[in-house]
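Reviewing the structure listed below.
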Amino acid sequence: MIIHMQKKNVFIVLAIIIAVVSTGCFKKKNVRPIQQKPVVELPAGNNVLVLATKQQGGFVVIDAVRLAAPGFIVIRDDLYGKPGVVVGVSPLLPSGEARDIRLELLRDFLGTEQLYAEVRADNGDRRFRQTDDSIVLDEQGQSVMAQLSMEGIKDPFVDIKY
Amino acid sequence: MGQTFAKKIEDFSCAHCGTEVKGSGFTNHCPSCLWSKHVDRFPGDREEPCQGMMEPIELILEGETENIVHRCGWCGMKRKNKTAPNDRREAIIALSYKGGRK
């Protein structure tokens, strides 16, 4: 009688396990659709720069750039509404198109701050130097520059320790 | 006699941070901490008897030229010096905030 009861319990447990496993197998899987980043269209002409006006995380991503000659993309602080100190420089970019260039910035950002991205022509020494590598102009004679706002990764009021 | 510039190539050890600096003939501050020393009456002459340490107190942008303002901790004299290509960029950025700009 006891053996019979134990067998019955074993069957019940097995049945429950099979039911649970089979439910899991046939359950519809929650598959996220792959989101593809839209391809950024570069405007016509030489020396054009496209990037998102809002960026975050301490680095800037340049969506696309087209250069007539090798050069650099330089990120500068805001100094009373004008480009200030250089806080990030891309590697030397060849002439032609380049996309998704990630630029590390050399300081932390607290809150949201204004920055400038500008294109500089290499003077031939393959190294960026602010006084030697001139600002690139577009076909209208305007400097190739974009303004962006950087959202800091740190909350200024969280890190205060006493 | 007018102000002259004497090019002197000198290696030195920074008296503020200890960095060993290789001079280029134009080096007037440490590329690592940006501190300087009050040794010149005119650029490069090494004739100044003060010898005080000069703290970088401000960064001024004049066009595309970055200038460091140094102030002597001994006599209080202020002098403007151009940044050098090998200056540590993080130190320059930090100096640009020293005056409480933001």
Side-chain angles (χ1 to χ4, degrees), chain A residues 58-60 71-92 103-137 143-145 149-152 154 156-157, chain B residues 3 5 7 9 14 16-17 19 21-36 40 43-44 54-71 78-102:
Chain A
F59 56 88
V60 171
F72 304 91
I73 296 170
V74 176
I75 307 297
R76 298 176 73 169
D77 259 340
D78 178 87
L79 182 72
Y80 306 116
K82 288 191 298 183
V85 173
V86 173
V87 292
V89 181
S90 75
L92 178 64
L103 274 180
E104 291 282 349
L105 302 181
L106 294 168
R107 70 173 181 87
D108 290 332
F109 290 85
L110 306 175
T112 303
E113 295 184 35
Q114 290 296 309
L115 295 174
Y116 296 84
E118 63 184 23
V119 180
R120 297 293 195 118
D122 179 39
N123 69 346
D125 65 359
R126 306 177 66 85
R127 287 191 307 179
F128 173 70
R129 201 170 164 187
Q130 195 169 342
T131 46
D132 297 346
D133 297 325
S134 58
I135 295 172
V136 168
L137 304 177
S143 56
V144 183
M145 186 185 285
S149 61
M150 171 60 66
E151 199 177 298
K154 287 181 182 173
F157 301 105
Chain B
Q3 183 173 325
F5 174 72
K7 187 178 175 181
I9 299 175
C14 175
H16 181 71
C17 71
T19 300
V21 181
K22 204 163 171 53
S24 67
F26 302 100
T27 314
N28 56 29
H29 59 268
C30 169
S32 181
C33 67
L34 309 180
W35 279 63
S36 185
D40 293 342
M54 297 186 82
E55 183 189 2
I57 56 167
E58 195 182 359
L59 187 85
I60 298 173
L61 263 179
E62 289 174 346
E64 293 301 321
T65 307
E66 293 170 332
N67 291 301
I68 301 169
V69 179
H70 285 109
R71 182 179 57 205
K78 283 185 189 176
R79 184 169 280 168
K80 205 167 70 173
N81 291 302
K82 283 180 189 168
T83 57
N86 63 335
D87 285 347
R88 202 163 55 89
R89 177 80 357 216
E90 289 88 340
I92 294 172
I93 294 167
L95 181 60
S96 75
Y97 283 82
K98 208 167 178 178
R101 177 161 61 84
K102 284 184 182 175

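The model shown is predicted, which means the values in this text are computed figures rather than measured ones. Chain A is the first sequence line, chain B the second, and so forth, proteins listed ahead of strands; every chain is numbered from 1.
Heavy-atom minimum distance, B/Ile93 versus A/Arg107: CG2-CD, 3.4 Å. Pairing each heavy atom of B/Leu61 with each of A/Val85, the nearest pair is CD1-N, 4.0 Å.
Salt bridge A/Arg76/B/Glu64: present, at least one basic N to carboxylate O contact under 4.0 Å.
The number of heavy atoms from other shown groups lying within 6.0 Å of CZ (B/Arg79) is above 12.
Take B/Thr27 and apply the side-chain hydrogen bond (donor to acceptor under 3.5 Å, both in side chains) test, not counting sequence neighbours, and it matches B/Ser24.
Looking at A/Val86, the atoms closer than 4.5 Å to chain B (heavy atoms on both sides) sit in the backbone and in the side chain alike.
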